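Shown next, in structure tokens, is the structure this report addresses.
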Amino acid sequence: MRTFCALLLSFLVVVPVRATEWFPLPVNIDGREASYRPLTAASKPWRICALLPHGMDRYWWGVAWGLDEESRRQGVHLGVYEAGGYQYAAMQRAQLARCIQLAADAYVIAAINTQGLCAELDELARRRVPVIDLVNRIECPGVTARSQVDFAEMARAALNYILEHSEGRPVRVGWLPGPQDAGWVMDAERGLAEASVEGRVVVVTGGYGPVDRSNQAVLVRRLLAREPQLDYILGNAEAAAFAGQLVRTGGQRYKAQVVSLYATERVLEAIADGTVLAAPTDSPVIQARVAVDLAVRALEGKGMPERVSPRIEVIDKSSLGRFDISHLMPPSGHWMIRQELPEQ
């Protein structure tokens, strides 16, 4: 049997992904189900600055690719900057300062934390420069529109999968969300706290940390050393992928089954080989495409919503073959896009 990677490569070769094929798309617009259609093209080559937290995995490769594809389709210029990790908030501020120096027309920002850029965004708001909040959530005045999925809903979707899989029996769930100050982590924890589980779930916190493999591996090992008889682990993609491998190789020491809070290429491979049960996806490529369209709409005074959210899909082994990979990651051969915003 071919591996998931081989199947994925085959899919990408047989079905090339073109920017014009992503719409119309069912989404949630300002709380209502709707079909999203972007503008046909921008009226002029606007200059958009995109700030991302890092480029260490294909989740953010997909975001960068989606930003670049939609910018090309609409005929606007794009700078893409990644800070190197959630621990480098100062780098993201410096990159924002660089784009302000270059006088970008609009900004698309996946913020490292919710309030770290408020002073700069307040100044941009006074100058009526559009700022689009992408994926991570910003809690600052001056955000023009948001392209993001509520991670409270992502956490609830993952927890609901666990409850169905456990067939109603009480379970202990290890929780490894990611960086403590990130908006999406706070939203995910809100979702868990608000979930109506009626005493069926005990959440065991495993700690916070950057979402790279080395940091998450330490947290997973510590959690399982302390709680070897957990029923499930629910965590960020790097924690989930590592936990799945560790549980499989741990023999009888661990009984935990693993669910990821969100999907990445590594998580899809783990679902295919059975080390991770499932993951909801927030369609990061689509969020990126929408964010560029929202920026152009704001610049041109076109009608625009306050918030656009792709529908959450839960992927497990039974649904993996039906999932549209182009919503999650770039095609084969595409890597992280990093590029300077062209000067005026």
Side-chain angles (χ1 to χ4, degrees), residues 30-31 48-56 59-60 63-64 67 79-102 104-155 175-194 205 207-212 215 236 261-262 282 284 287-288 290-292 294-295 298 304-309 341:
D30 294 337
I48 299 174
C49 171
L51 303 178
L52 308 180
H54 66 83
M56 292 184 287
Y59 182 99
W60 292 107
V63 170
L67 292 168
V80 181
Y81 302 83
E82 58 94 2
Y86 279 92
Q87 62 272 48
Y88 300 121
M91 175 59 75
Q92 189 167 71
R93 289 191 70 184
Q95 291 171 336
L96 176 56
R98 172 60 176 162
C99 284
I100 291 173
Q101 181 185 45
L102 291 170
D105 295 308
Y107 295 79
V108 172
I109 302 177
I112 284 177
N113 55 55
T114 59
Q115 298 183 328
L117 305 175
C118 285
E120 293 87 347
L121 298 193
D122 184 58
E123 175 59 28
L124 291 173
R126 284 198 293 269
R127 290 160 42 195
R128 298 190 177 183
V129 178
V131 174
I132 309 302
D133 182 6
L134 172 63
V135 177
N136 280 359
R137 189 165 66 79
I138 298 171
E139 285 185 0
C140 302
V143 170
T144 309
R146 304 178 190 273
S147 178
Q148 59 188 197
V149 170
D150 187 349
F151 259 70
E153 295 181 12
M154 294 280 283
W175 173 235
L176 291 161
Q180 188 168 17
D181 294 331
W184 59 275
V185 170
M186 289 188 271
D187 292 339
E189 297 201 309
R190 171 172 55 85
L192 287 187
E194 294 173 353
T205 302
Y208 303 93
V211 286
D212 60 85
N215 277 287
N236 65 77
L261 179 58
Y262 56 91
D282 57 335
Q287 290 186 70
V290 168
V292 171
L294 291 174
M304 60 181 295
E306 293 181 4
R307 180 184 178 120
V308 179
S309 305
L341 180 68

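For reference, positions follow the sequence shown, starting with 1. Given the structure is predicted, the values throughout are model-derived calculations rather than measurements.
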(request) Could I get the full list of salt bridge (Lys or Arg N to Asp or Glu O under 4.0 Å) partners for Asp133, not counting sequence neighbours? (result) Arg146
(message) With no hydrogens and no angle check, just 3.5 Å: does a side-chain donor-acceptor pair link Trp175 and Glu189?
(response) yes
(request) Heavy atoms only: give me the nearest Cys99-Tyr81 pair and the separation to one decimal. (result) SG-CE1, 3.3 Å
(request) Drop me the distance from Tyr86's OH to Gln92's CD, to the nearest 0.5 angstrom. (result) 9.0 Å
(message) Suppose we screen for salt bridge (Lys or Arg N to Asp or Glu O under 4.0 Å). Which residues come up paired with Arg126, at least two apart in sequence or across chains?
(response) Asp122, Glu123
(request) Could you tell me whether the side chain of Glu82 and the main chain of Gly55 form a donor-acceptor pair under 3.5 Å? (result) yes
(request) Identify, with sequence neighbours excluded, every residue that meets salt bridge (Lys or Arg N to Asp or Glu O under 4.0 Å) alongside Glu120. (result) Arg93
(request) Drop me the distance from Asp181's CG to Gln87's CD, to the nearest 0.5 angstrom. (result) 12.5 Å
(message) What's the separation between atom SG in Cys118 and atom CD1 in Ile138, rounded to the nearest 0.5 Å?
(response) 8.0 Å
(request) Go through the structure and list residues passing side-chain hydrogen bond (donor to acceptor under 3.5 Å, both in side chains) with Asn215, not counting sequence neighbours. (result) Asp212
(request) Give the C-alpha distance, both sets of side-chain angles, the deciding distance and a yes or no for side-chain contact (heavy atoms from CB on, under 4.5 Å) between Leu134 and Gln287. (result) CA-CA 7 Å; Leu134 172 63; Gln287 290 186 70; 3.9 Å; yes
(message) Please give me the minimum heavy-atom distance between Pro53 and Trp60, naming the atom from each residue.
(response) CG-CZ2, 3.5 Å
(request) Mind checking salt bridge (Lys or Arg N to Asp or Glu O under 4.0 Å) for Asp187 and listing every partner two or more places apart, or none if nothing turns up? (result) Arg137, Arg190
(request) Mark yes when over 12 heavy atoms from residues, nucleotides or ligands other than Arg127 sit less than 6.0 Å from its CZ; otherwise mark no. (result) yes
(request) Please identify each residue that fulfils side-chain contact (heavy atoms from CB on, under 4.5 Å) with Ala145, with sequence neighbours left out. (result) Ile132, Leu294, Met304
(request) Taking the side chain as every heavy atom from C-beta outward, state whether Trp184 and Pro179 have any pair of such atoms under 4.5 Å apart. (result) yes
(message) Test of understanding: with ring-ring contact (aromatic ring centres under 6.0 Å, His included), list the residues that count as partners of Tyr107, not counting sequence neighbours.
(response) none
(request) Please list, chain by chain and in numerical order, all residues satisfying side-chain hydrogen bond (donor to acceptor under 3.5 Å, both in side chains) with Asn236, sequence neighbours excluded. (result) Gln216
(request) Identify the two heavy atoms, one from Gly207 and one from Leu176, that lie closest to each other, and give their separation to 0.1 Å. (result) O-CD2, 4.0 Å
(request) Grab the two heavy atoms, one from Asp282 and one from Met154, that are nearest each other, plus how far apart they are. (result) N-CE, 3.6 Å
(message) Tell me every residue that passes side-chain contact (heavy atoms from CB on, under 4.5 Å) with Ala155, counting only those two or more places apart in sequence or in another chain.
(response) Ala188, Leu192, Leu261
(request) Give the intermediate values and the outcome of side-chain contact (heavy atoms from CB on, under 4.5 Å) for residues Val211 and Tyr59. (result) CA-CA 12 Å; Val211 286; Tyr59 182 99; over 6 Å; no
(request) Tell me, yes or no, whether the heavy-atom count around Met56 atom CE, taken from other residues, nucleotides or ligands under 6.0 Å, exceeds 12. (result) yes
(message) Taking ring-ring contact (aromatic ring centres under 6.0 Å, His included) as the cut-off, I'd like each qualifying pair that reaches into residues 120-141, sequence neighbours left out, listed once.
(response) none
(request) Would you name the heavy atoms of Thr144 and Val129 that are closest together and state the gap between them? (result) OG1-O, 4.4 Å
(request) Go through the side-chain N and O atoms of Gln95 and Arg98 and say whether any donor and acceptor fall under 3.5 Å apart. (result) no
(request) List in chain and number order the residues that pass side-chain hydrogen bond (donor to acceptor under 3.5 Å, both in side chains) with Ser309, two or more places apart in sequence or in another chain; answer none if no residue qualifies. (result) Arg307
(message) Could you measure the distance from the SG atom of Cys49 to the CD1 atom of Ile100? Nearest 0.5 Å is fine.
(response) 8.5 Å
(request) Could you tell me which non-hydrogen atom of Val108 sits nearest to which non-hydrogen atom of Ala295, and how far apart they are? (result) CG2-CB, 4.4 Å
(message) Please report the interatomic distance CD1(Ile109) to CG(Asn136), rounded to the nearest 0.5 Å.
(response) 11.0 Å
(request) Mind checking side-chain hydrogen bond (donor to acceptor under 3.5 Å, both in side chains) for Tyr88 and listing every partner two or more places apart, or none if nothing turns up? (result) none
(message) Distance check, rounded to the nearest 0.5 Å: Leu67 atom CG versus Ile48 atom CD1?
(response) 9.0 Å
